[in-house]
Protein chains: 2
Amino acid sequence: MASEASRPAVDAMANPELACPISPVVDIVFSRWTTPILWSLNTFGRQRFVELERRIKGITPKVLTQRLRQLERDGMVVRTYHPEVPPRVEYEISELGRSLAPLFGHIAEWATTNLEHVERARRHYDDAGAPRG
Amino acid sequence: MASEASRPAVDAMANPELACPISPVVDIVFSRWTTPILWSLNTFGRQRFVELERRIKGITPKVLTQRLRQLERDGMVVRTYHPEVPPRVEYEISELGRSLAPLFGHIAEWATTNLEHVERARRHYDDAGAPRG
DNA sequence: CGGTATCCCTTCTGATACTG
DNA sequence: CAGTATCAGAAGGGATACCG
């Protein structure tokens with residue numbers, strides 16, 4: 001195996017000890033509400049606060065603000081303030097955020113082929129699969 | 001665009017309206033503690049409860065049980081109970097769970113090239129980037 | 001419009017103790 | 001060993017109201 005510093009990314013799947021190397025990414029990218037936000041910004045382009053609020057069904061302004069701030073801090077989205085009356089704020093995905101697109105594509109692909117397997121497993125488990133022992 | 005039923009997975013990136021199609025996967029795969037568990041099982045193979053408990057630093061038996069049950073219900077892991085004294089239970093990743101390996105690989109790859117960008121963005125934001133407006 | 005402030009409540013989690 | 005039971009505490013959201 002290669003050294004820690006020069007190890008190719010794929011080798012991470014075989015990296016022993018300690019926590020799994022994808023946990024940090026999960027914290028950044030896959031927190032609640034972040035994927036719909038990134039998805040919306042990536043799909044529909046630059047949007048205002050209300051547009052996002054309306055698009056992302058069920059989110060409250062407080063939570064939307066929190067997540068947008070976090071995503072802005074992490075460099076995933078860019079916030080632009082226009083000092084007008086009424087004020088106008090636009091959010092757009094950054095280059096760093098856009099680099100997640102292929103990843104999201106892979107996840108979507110996994111979903112289309114495997115989500116039904118999960119559903120099936122759940123039904124099977126709920127019918128008779130409760131753990132014995 | 002193709003119809004809803006036959007649409008290729010990658011087109012999901014352009015799917016309009018409603019929530020983003022990867023949210024269900026996020027709920028299943030990227031809940032707290034699930035990635036370290038799947039990672040450990042995928043990397044080190046079949047393991048007993050205590051082995052997982054010791055390997056995954058900081059997890060409590062209660063939470064480990066909860067997550068393992070959920071993963072078992074979703075068909076990601078297989079639980080095998082050996083009625084011996086003392087009892088022995090082994091967990092291993094399922095075929096469905098193993099199908100996530102390439103995905104995890106992509107995430108790990110993204111991490112190695114982009115995680116430092118995130119760190120940099122955070123420092124920059126914390127230094128002077130607080131939103132004005 | 002684009003938020004913030006406040007309150008409340010559910011969920012998640014940790015610690016501890018105990019059992020077959 | 002492989003959990004379960006119980007309780008307490010923290011965190012994350014939601015609802016509502018208000019502000020520049």
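- Here the nucleotide nearest the side chain of A:Arg88, chosen from D:dT4, C:dG2, C:dG3, is C:dG2.
- Considering only residues two or more places apart in sequence or on other chains, A:Ser40 meets the side chain to side chain donor-acceptor pair (under 3.5 Å) condition with A:Gln47.
- Listed by chain and residue number, nothing satisfies the salt bridge (charged side-chain N to carboxylate O under 4.0 Å, His left out) test with B:Arg54 (two or more places apart in sequence, or in another chain).
- In this structure, B:Glu51 atom CD and D:dG3 atom P are separated by 13 Å, rounded to whole Å.
- Using a 4.0 Å cut-off, no side-chain N or O of A:Tyr91 falls inside it from OP1 or OP2 of C:dC1.
- Residues passing the side chain to side chain donor-acceptor pair (under 3.5 Å) test with A:Arg120, sequence neighbours excluded: A:His117.
- Every residue meeting the side chain to side chain donor-acceptor pair (under 3.5 Å) condition with A:Glu84, not counting sequence neighbours, appears here in chain and number order: A:Arg88.
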Check: residues 56-63 of chain B side-chain donor-acceptor pairs under 3.5 Å, at least two apart:
none

B/S/- along nucleotides 13-20 of chain C (protein heavy atoms under 4.0 Å) is BBB----B
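- In terms of modelled atom types and a separation under 3.5 Å, the side chain of A:Ser94 and the main chain of A:Val78 share no donor-acceptor contact.
- Between B:Arg48 and the phosphate of D:dC1, there is no side-chain N or O to OP1/OP2 separation shorter than 4.0 Å.
- Shown here are the ring pair (Phe, Tyr, Trp, His ring centres under 6.0 Å) partners of A:Phe30, two or more places apart in sequence or in another chain: B:Phe30.
- Taking the side chain to side chain donor-acceptor pair (under 3.5 Å) definition, one finds that A:Arg69 meets it with nothing, sequence neighbours left out.
- Regarding A:Leu68, its CG atom lies at a distance of 14 Å from the P atom of D:dG13, rounded to whole Å.
- Regarding A:Leu52, its CG atom lies at a distance of 13 Å from the C1' atom of C:dC1, rounded to whole Å.
- Taking the screw axis at each terminus of the helix from C:dC1-D:dG20 to C:dG20-D:dC1 from five consecutive base pairs, the angle between the two is 50° to within rounding of 10 degrees.
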